[in-house]
Amino acid sequence: RWYRQAAAQGERAAQARLGLMYLDGRGVAQDDLLAFAWLTLAAQGELEPALRARVATARSSLTRRMSGAELAAGKAKIEELRERRGSPES
């Protein structure tokens, strides 16, 4: 829950870790769409080098396996998360 709250408030490391959790289904249901959205948001800010590398690798893997429609839905989810900034993700 803490990662969701911190990620929703713009904390880049929390966004990265939450995205990785969704990617692997660790502690949350596996969800490529949410993984893509959180990882993309995280990549737009400052991250420690090791975490930035993990995010880049994960995003690259996701974008290769997601369809065009899934990528479009992921981009829409990014905008939704930006609009809801300050509110925990549901």
Side-chain angles (χ1 to χ4, degrees):
R1 181 166 170 97
W2 180 88
Y3 280 126
R4 285 185 181 138
Q5 290 175 343
Q9 293 173 4
E11 213 302 309
R12 299 297 183 187
Q15 291 172 340
R17 288 184 178 91
L18 186 58
L20 292 169
M21 289 169 65
Y22 277 114
L23 180 66
D24 298 332
R26 284 180 293 125
V28 295
Q30 195 282 332
D31 188 318
D32 284 348
L33 182 77
L34 285 170
F36 174 79
W38 285 120
L39 292 169
T40 299
L41 288 170
Q44 295 171 353
E46 294 294 319
L47 292 171
E48 65 165 68
L51 187 54
R52 178 167 291 289
R54 287 179 64 200
V55 166
T57 300
R59 284 187 72 238
S60 177
S61 173
L62 274 171
T63 57
R64 280 194 307 271
R65 74 177 186 228
M66 291 173 75
S67 69
E70 289 170 325
L71 288 169
K75 291 175 184 176
K77 178 57 84 173
I78 291 166
E79 292 309 312
E80 177 188 325
L81 292 171
R82 282 188 179 132
E83 290 173 10
R84 290 173 33 193
R85 178 173 242 157
S87 299
E89 162 213 356
S90 48

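Numbers here simply count residues along the sequence, with the first being 1. Source: prediction; values computed, not measured.
- Closest non-hydrogen pair, Gln30 versus Asp24, comes out as CG-C, 4.3 Å.
- Atom CD of Glu46 has 12 or fewer heavy atoms from other residues, nucleotides or ligands within 6.0 Å.
- Residue Leu34 holds its CG atom at 7.5 Å from CG of Leu18, rounded to the nearest 0.5 Å.
- Atom CD of Glu70 sits about 8.0 Å away from atom CG of Leu33, to the nearest 0.5 Å.
- Closest non-hydrogen pair, Arg82 versus Leu41, comes out as NE-CD2, 3.6 Å.
- In this structure, CZ in Arg65 is found 12.0 Å from CZ in Phe36, a value given to the nearest 0.5 Å.
- Counting heavy atoms from C-beta on, the side chains of Tyr22 and Leu39 never come closer than 4.5 Å.
- How far CE of Met66 is from CG of Asp32: 6.0 Å, rounded to the nearest 0.5 Å.
- Nearest heavy atom pair, residue Ala35 against residue Gly19, reads CB-O, 3.4 Å.
- Applying the side-chain hydrogen bond (donor to acceptor under 3.5 Å, both in side chains) rule to Glu48 yields no partners; only residues at least two apart in sequence or on another chain are considered.
- The main-chain N or O of Thr57 is never found under 3.5 Å from a side-chain atom of Ser61 such that the two would form a donor-acceptor pair.
- The heavy-atom pair separating Ala43 from Val55 by the smallest distance is CB-CG1, 4.1 Å.
- The shortest heavy-atom contact between Gly74 and Ala37 is O-CB, 4.2 Å.
- Under the side-chain hydrogen bond (donor to acceptor under 3.5 Å, both in side chains) criterion, Arg12 pairs with Gln15, sequence neighbours left out.
- Here Arg17 pairs with nothing under the side-chain hydrogen bond (donor to acceptor under 3.5 Å, both in side chains) rule; sequence neighbours left out.
- Residues Ala58 and Leu23 approach most closely at CB-CD2, 3.6 Å, considering heavy atoms.
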